[in-house]
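Quick caveat: nothing in here was measured; it's all calculated off a predicted structure. Position 1 is the first residue of the sequence, and the numbers go up from there.
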Amino acid sequence: MGAASAQEIGSPDGAPSGVEGVGAVVIRVSDLKKAEEFYQSVLGVVQVRHMDVEAYSETIFAFPGGEGAKLVLVESHTPETPMSQARIVFNASAAETAVSRAVENGAALVRDAKPVPGTGGLVIGIVQDPDANTLEFIQRNEG
């Protein structure tokens, strides 16, 4: 199944949603430096910007070439700001490799990357990063 245009993705009443895709995924982390190292090692992302303000620090990453959604890591500096976990699905050309790299860099294995029956050949692997955010790697095999 190919990517749908913004006009093909609509609201329940069939009207175009105006949404063209994911712009960023924001993950709250407990240790920004540790999270930066983890995601750079696992995903190969490059830093686009870093910002420190009184309430929080954030680092924005992009995939090489700048295509696709940005990854934003945020560390709160105030105890009043609750930490929340995220679940992020990544398209992968090699789910097994992505899962292995994540585990080698401190992630907890939730599900080995393996084919999922009844999905037309999808290979899915799942890990949790050091802050218990769930990362799912999906490999779409042709044929």
Side-chain angles (χ1 to χ4, degrees), residues 1-11 15-143:
M1 176 185 227
S5 72
Q7 293 198 342
E8 291 171 319
I9 301 171
S11 63
S17 68
V19 176
E20 296 180 356
V22 176
V25 174
V26 179
I27 303 174
R28 297 194 184 280
V29 299
S30 61
D31 182 330
L32 185 58
K33 178 134 178 77
K34 183 176 175 181
E36 289 170 347
E37 292 170 359
F38 175 85
Y39 281 99
Q40 286 177 308
S41 295
V42 173
L43 301 178
V45 291
V46 293
Q47 183 174 324
V48 175
R49 187 181 81 189
H50 177 82
M51 181 174 70
D52 291 304
V53 296
E54 187 176 337
Y56 65 91
S57 295
E58 77 174 17
T59 302
I60 300 175
F61 290 101
F63 286 89
E67 298 292 323
K70 302 293 187 270
L71 175 64
V72 182
L73 305 176
V74 179
E75 178 182 354
S76 174
H77 298 305
T78 61
E80 300 82 35
T81 305
M83 298 296 287
S84 61
Q85 274 56 51
R87 179 180 182 99
I88 305 141
V89 178
F90 296 95
N91 292 327
S93 59
E96 185 175 358
T97 300
V99 167
S100 293
R101 287 182 66 183
V103 170
E104 288 168 6
N105 283 279
L109 180 65
V110 175
R111 181 186 192 282
D112 282 319
K114 58 186 174 189
V116 178
T119 64
L122 290 182
V123 174
I124 299 176
I126 303 172
V127 300
Q128 283 190 327
D129 76 3
D131 286 295
N133 297 298
T134 300
L135 311 178
E136 183 173 324
F137 299 97
I138 296 181
Q139 177 182 331
R140 290 170 172 82
N141 294 325
E142 299 295 322

Taking the side chain as everything from C-beta on, heavy atoms only, tell me whether [X] gets closer than 4.5 Å to [Y].
X: M51; Y: Y56; answer: yes
X: L135; Y: Y39; answer: yes
X: L43; Y: L71; answer: yes

Is the closest side-chain donor-acceptor distance between H77 and S57 under 3.5 Å?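 Judged by distance alone, the side chains do pair up.
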
Report the residues that fulfil side-chain contact (heavy atoms from CB on, under 4.5 Å) with [X], sequence neighbours left out, ordered by chain and then residue number.
X: S41; answer: N105
X: V89; answer: E136, I138
X: P130; answer: K34, F38
X: A69; answer: V22

Enumerate the residue pairs fulfilling salt bridge (Lys or Arg N to Asp or Glu O under 4.0 Å) with a member in residues 102-122, sequence neighbours excluded, ordered by first and then second residue. none

Is a side-chain donor or acceptor of [X] paired with a backbone partner of [Y] at a separation under 3.5 angstrom?
X: N141; Y: G121; answer: yes
X: Q139; Y: A95; answer: yes
X: H50; Y: I60; answer: no

By salt bridge (charged side-chain N to carboxylate O under 4.0 Å, His left out) - contacts of K33 (at least two apart): E37

Describe, in one word, how the ring planes of F63 and F90 are oriented to each other, choosing from parallel (under 30°), tilted (30 to 60°) and perpendicular (over 60°). perpendicular

Derivation and outcome, side chain to side chain contact (heavy atoms under 4.5 Å, CB included), residues E36 and L73: CA-CA 8 Å; E36 289 170 347; L73 305 176; 4.3 Å; yes

